[in-house]
Structure formats: C-alpha cells, structure tokens
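These numbers were taken from a predicted model, which means no experiment stands behind them. In what follows, every chain begins at residue 1, and chains take the letters A, B, ... in the order their sequences are listed.
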Protein chains: 2
Amino acid sequence: MSLITTRSRYGLRLLIELADRAGSAPIDLGSVARNQDIPELYLSKLAATLKAAGVLRSERGAKGGYRLARRPEDISILSVVEALEGRSSLLECTDDPAICARSGECRTLPVWSGLDKAINDYLRGVSLADAAVAVIDYSI
Amino acid sequence: MSLITTRSRYGLRLLIELADRAGSAPIDLGSVARNQDIPELYLSKLAATLKAAGVLRSERGAKGGYRLARRPEDISILSVVEALEGRSSLLECTDDPAICARSGECRTLPVWSGLDKAINDYLRGVSLADAAVAVIDYSI
DNA sequence: CTTTAGTAGACTATTTTGGTCTATTAAGGA
DNA sequence: TCCTTAATAGACCAAAATAGTCTACTAAAG
Ligand code: SF4
Ligand code: SF4
C-alpha cells in the first residue's frame, strides 16, 4: 500500500494551505509546517520538488516563502502526485514494454494498463481548486 | 510506486495459468514456477495466501497441486489484489477516519477517497476471465 | 550586519519488499 | 511398507523504499 505516500499527502496539504492563504506576500514554510504538523525540514524538500516541477514559485531571504505558480484551477492533482512520487506510471512495463521480455505475450499487462489509466484519469480530472473547496462541497 | 507489487503480478500470472490449464487434475506449482519464471518458494507463499482467501483450492501429496476455487468469471481482480497486498484501501483513513485526528476537517481526504473508489471500481469490474482472454481481445 | 528563510546534499532509522531455508504433513505408487 | 512428490508452516534474510534529519550555504529584508 503506497502509490500515495506521505510525500503526496503532505504535499497536497501544503498546496491547499498556500491556496487558502494566497495574497500579495509569499508564505513561509515554517508556518505551514506548524499549522499542518509536518516536519519542516521534510516539507522543505517536498516544496523544492514542487518548485522544480513548476507548481510553486519561491522568494528567498527574510519575508520570503512560497506561492502557487499557477491558479488552483490550473494545477491538477496528477501533476502534484507525479512530481512528488517521481513516477510516470503504475508499472514500468505499461510505459515502456521493452523493459520486460514477456510484454509481447503478457496477459496481465492489459489489466495493469487499464488500472494505470483509471488512476491517471481520476487524478487528471481533479484540480487543486476542486480539492481546496472539497470540505465546503461536503457541508452543503 | 507500489500498490501492485510482485505479489499481485506473480499471483495473477499464476491464476491465468491455472485458468488455462484447468481440467480434471490439479496443477503443481513447480510447473507454473518454471513456465512463468517465478521463484517456486515465493510462489508457494502467494498460493497459500490465495487459498486462505478462498480463491484457490489445493490437493496435497503426489499428483497434488492447485486449482481455482471458482469459475474465472466469478473471481474479481480486486479480490486477488486485496488478498495478496493485504490491504483494504489506499489510505487507512479512508477506511477508518478515527485513526487520524485531522480527518474531521481534512480537505485532502475526499481526494484520496475518490481515488480509492476509482481504483476499487476498476479492479472490481475486471474478472479473471476478462484477464485470461485479454490477449485474444487485443488481437482481433 | 544580523535575522529570516530558501537551497543543496549527505546521512540515518524504520518499514516493506522480495525473497530463502528448514522442517513437516499428506497422498500416490512400487 | 517405503519412497517420492507436493503442499504447509514459519523463521529467517538482503535489498530497496520511505520518512525523516543534519549541516552548511546563499539570498534578501531591515
Ligand atoms: S510480466 Fe507482464 S505485467 Fe509483468 S513486467 Fe512483464 S509485461 Fe509487465
Ligand atoms: S490528514 Fe487527511 S488524508 Fe492524511 S491521514 Fe489524516 S484524514 Fe487521512
């Protein structure tokens, strides 16, 4: 049971808080780490990864911090999970059949490819904006 | 990247071979291990797990082996994956919100619950019979 | 020129994965 | 009755991934 590890879980909580507190000033990770009860040094690595993936922008020095690089509606959860889990697909062979000698006649590969597609379709269809308002949707 | 580990991958290949070679006699794991190039001792543990889950039946002693406990159409891939990965859901909290103090107001939980549902819906909808004929479907 | 905060990268502990080994039990056949 | 085959049970183990931690450094505000 992984696929969604603490990297994605912490990362999404970071993004939702950045979306909530978005404004003129960037938000420092220390405050997010305290609010969300996530180890700050660990969170800083996740933020760096999300920056490298183009999801976040940062400002250094005092009063620095992070902000979203795009609008919440334009950030898919798929891009967040792919960046943080560092994976392209569920199994190597669904992406690149050449890595397995059996892939030509493999009867199980279509099953796993289908699962991979189901997962990616779902995650692609949910944006940070959807996630950020989820609790409100549920309270109607 | 796990969720589908070698346990599920090897296990499904075992089940497909059992479905293919189904007949009056049970099939010994040694021959499956050789055909599929899977370590026999590891495969024997997977088979034992699938037996415990009610997916397989076994006969001991010489000329013994394993056979499917039900028809391939009546074995969902979900039941196979759940048995072999030993999981009930993607995250503990989607099953039992009480384990996390934040679950009450958690904004990320609905996202992961939705993913869990997408995965389970897909796996529940594919049977061993579907998987066993997959290569034929693709060659039409 | 001090404080705050991101950046870079080595390092570590714990858990999970992917096995292996040994010994035992049950059934078939000579 | 013995020998062989094959499942069963469970301890054991090495490698990889996960979830951090630590140290040193750089950039900007005041
Ligand atoms: S055996 Fe099939 S599912 Fe497994 S790695 Fe090879 S192609 Fe992929
Ligand atoms: S913070 Fe949310 S997603 Fe994470 S374990 Fe708690 S309830 Fe689940």
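Taking atom CD on A/E40 and atom C1' on D/dC22, their separation rounds to 14 Å, with Å as the unit. Note: CG (B/L84) to C1' (C/dT16) measures 15 Å, nearest angstrom. We find that CG of B/L43 is positioned 12 Å from P of D/dT8, with the value rounded to whole Å. A/R67 places its CZ atom 15 Å from the P atom of C/dA5, with the value rounded to the nearest Å. Look at CG on A/L3: it is 14 Å from C1' on D/dA17, rounded to the nearest Å. Rounded to a whole Å, the NZ atom of A/K51 is 16 Å from the P atom of C/dA5. Rounded to an integer number of Å, the gap from B/L56 CG to D/dA7 P is 11 Å. If you take OH of B/Y42 and C1' of C/dT16, they are 10 Å apart, rounded to a whole angstrom.
In this structure, of C/dA5, D/dA7, C/dG18, it is C/dA5 that holds the atom nearest to the side chain of A/D28. The side chain of A/L41 approaches D/dT21 more closely than any other nucleotide in the set D/dT21, D/dA29, C/dA27.
Here the side chain of A/E85 pairs a donor or acceptor atom with the backbone of A/T5 at under 3.5 angstrom. Side-chain atoms of A/R67 come within 3.5 Å of backbone atoms of A/S24 as a donor-acceptor pair (strictly under, hydrogens ignored). A donor-acceptor pair under 3.5 Å links the side-chain atoms of B/S127 to the main chain of B/D130, judged by distance alone.
Here B/S58 reaches the OP1 or OP2 of D/dT8: one of its side-chain N or O atoms lies under 4.0 Å away. Contact annotation: A/T6 side-chain N/O to D/dT18 OP1/OP2 distance is not under 4.0 Å. Contact annotation: B/Y66 does not reach the phosphate of D/dA6 (side-chain N/O to OP1 or OP2, under 4.0 Å). The phosphate of C/dT7 has neither OP1 nor OP2 within less than 4.0 Å of any side-chain N or O from A/R60. The side chain of B/T5 contributes an N or O atom lying less than 4.0 Å from OP1 or OP2 of C/dG18.
Looking at A/K63, its side chain has no donor and acceptor atom pair within 3.5 Å of the base of D/dG30.
Counting non-hydrogen atoms under 4.0 angstrom, B/K45 reaches a base of the nucleic acid. Using a 4.0 Å heavy-atom distance criterion, A/G65 is classed as a sugar-phosphate-only contact.
Sequence order on DNA chain D of the closest nucleotides to A/G61 and A/P39 puts A/P39 first from the 5' end.
The shortest side-chain heavy-atom distance between A/L128 and A/R71 does not fall under the 4.5 Å cut-off.
Between A/R107 and B/D20, at least one side-chain N (NZ, or NE/NH1/NH2) sits under 4.0 Å from a carboxylate O, which counts as a salt bridge.
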